[in-house]
2 protein chains.
Amino acid sequence: MPEQDPTKTRLLEAAGREFAEKGYELARVRAICERAGANLAAVNYHFGDKEQLYREVLLEAHRCGPDPSTAPELGALSTAEKLRAFIAHFIEHVIGLGDTDSWQNRLIMREIVDPTPALEFLVRESIRPRFEALRAIMREVRPDADAQRIDVLCFSVIGQCLHYKVATRVMDRLIGADRREALTAAYLADHIAEFTLAALGLGPPVASSEAQVRSQS
Amino acid sequence: MPEQDPTKTRLLEAAGREFAEKGYELARVRAICERAGANLAAVNYHFGDKEQLYREVLLEAHRCGPDPSTAPELGALSTAEKLRAFIAHFIEHVIGLGDTDSWQNRLIMREIVDPTPALEFLVRESIRPRFEALRAIMREVRPDADAQRIDVLCFSVIGQCLHYKVATRVMDRLIGADRREALTAAYLADHIAEFTLAALGLGPPVASSEAQVRSQS
DNA sequence: ACTTGATTGAAACGATTGTTTGAAACACGT
DNA sequence: ACGTGTTTCAAACAATCGTTTCAATCAAGT
């Protein structure tokens, strides 16, 4: 099969965009095939049916989306810097707010909020490893905390980050699309890190202006 | 029209549950009518079509769901206590994690994450007032902060709260449904308040155990 | 050229959807 | 009892969806 851009590949790409935009139910097989420049029957020929296509797309989104190999190296960093690195990585790669927000991220976000049976796989392969990494950091910060407290501390971090992906549309109407887009990945990562470190007693309280924040690091 | 439980009322209730469970597209008019014990044509007779029914259900969810009149009285409280009261109110009423999670909350949450054209109304009537209230508190905490910093501070609070509604299914698979359900509204409200107050310098860093938290209040 | 297997194409199928229809049943003022 | 306007009902309609069909097309081995 020495082809340069086979129909099957184009279908996966087109299906990814369609599923991410519309969701599984609203995504139309006809629209996917049209995007891919393929015939209507191509989906059923290459993937069997719509559901199997969706699973393969989700698998592709996991592979090409947030790259596990770019997970921050947490070797010789201090605890505070580990946390800062985790947050920066999460914002930029998992949330996908740094680059052009890819269909991969939107698709995974849909699966989180409105799960299909494919969620189990997604948790096992992508979400849990990251969560365990954060949990390890939190245990380092608070060695004598019980499991429940560790959990909610992790959720406080993840919740802050994920909010910018989940509630994007509401934010646009709340503070204006221009001001929402002005919240760059770097700014958000910095804010959430400062906020979290201060809450954990690893840094000073969140300052009023950017200058004050910088004055301590 | 002196009736005790008219078809129109039963349809709104049934439609609310159906839309909340399945979402707008997956919700079936036939299922709604079956739940309401009404005829298939009842929807079109009383509401015109499915979309107008959805709008009226959303309006009903806004009225009977998170009650604006129960918004915390923020009169003579200190800034820290205002924030604590806001968070507790948000967790218990808006997230709906306190009582049985009603279809009203699930429906509104769907509208936030995956908006329909009805979002504009929802923001204007329900979300913006609450957001402005939080923004006022934050301005009180950081009088010299610019608008952008006020925004992200508010989002840090809301993001922490909303996460327990948005990612419930993922949490179940991540820490187990039993441990997730053990996170009561009171516990979460207390944690998020402590976390946020510490981040703002209005309280001590988040402690390792519950006892240490209590020792300062 | 012919065969074989994999792929593409246009058209149709069957099921399900929201919606409409027109008659029957009901409520109620006269 | 009658007439009138409202509400319910079973049935069908039109549109759309995912899926299937089967012939046409292509690539490569012989």
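Scope of the values below: all heavy atoms of this structure, side chains included, with no hydrogens, waters or symmetry mates. Note that the structure is a prediction, hence the values are computed from the model and not measured. Convention: sequence-line order gives letters A, B, ...; per-chain numbering from 1.
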In whole angstrom, what separates B:Leu40's CG from C:dT20's P? 11 Å
Quick one: do A:His191 and B:Ser156 satisfy side-chain hydrogen bond (donor to acceptor under 3.5 Å, both in side chains)? Show the steps, please. CA-CA 9 Å; A:His191 161 75; B:Ser156 278; 2.8 Å; yes
Using a cut-off of 4.0 Å on non-hydrogen atoms, how would the nucleic acid contact of A:Ala27 be classed: base, sugar-phosphate, or nothing? sugar-phosphate
Starting at the 5' end of DNA chain C and moving along, which residue's nearest nucleotide shows up first, A:Ala38 or B:Gly48? A:Ala38
A:Asn44 CG to D:dT21 P, in whole Å, measures 11 Å
Atom OH of B:Tyr45 to atom P of D:dG5: distance rounded to whole Å? 13 Å
Give a yes/no answer on whether the side chain of B:Asn39 brings an N or O atom under 4.0 Å of OP1 or OP2 in D:dA10. yes
Interatomic distance where CD belongs to A:Gln52 and C1' belongs to D:dG18 [whole Å]: 13 Å
With a cut-off of 6.0 Å (strictly less than), are more than 12 heavy atoms of other residues, nucleotides or ligands near CD of B:Gln52? yes
Nucleotide nearest A:Val29 when distance is taken to its side chain, options D:dG18, C:dT7, D:dT8: D:dG18
What's the CZ-P distance between A:Arg30 and D:dC17, to the nearest Å? 7 Å
Quick check for you: among D:dT7, D:dT19, D:dC17, whose closest atom lies nearest to any side-chain atom of A:Arg28? D:dC17
Check whether any side-chain nitrogen or oxygen of A:His46 sits under 4.0 Å from OP1 or OP2 of C:dT8, and answer yes or no. yes
Length of the line joining A:Tyr24:OH and D:dG18:P, which is rounded to integer Å: 8 Å
Atom-pair distance (CZ on A:Phe47; C1' on C:dT8), nearest Å: 15 Å
Measure centre to centre between the rings of A:Phe195 and B:Phe155, then say whether the value is under 6.0 Å. no
Would you indicate what A:Ala41 reaches in the nucleic acid, counting non-hydrogen atoms under 4.0 angstrom: base, sugar-phosphate, or nothing? base
Between P on D:dT19 and NZ on A:Lys50, what's the gap in Å once rounded to a whole number? 8 Å
Does A:Thr7 put a side-chain nitrogen or oxygen below 4.0 Å from OP1 or OP2 of C:dT8? yes
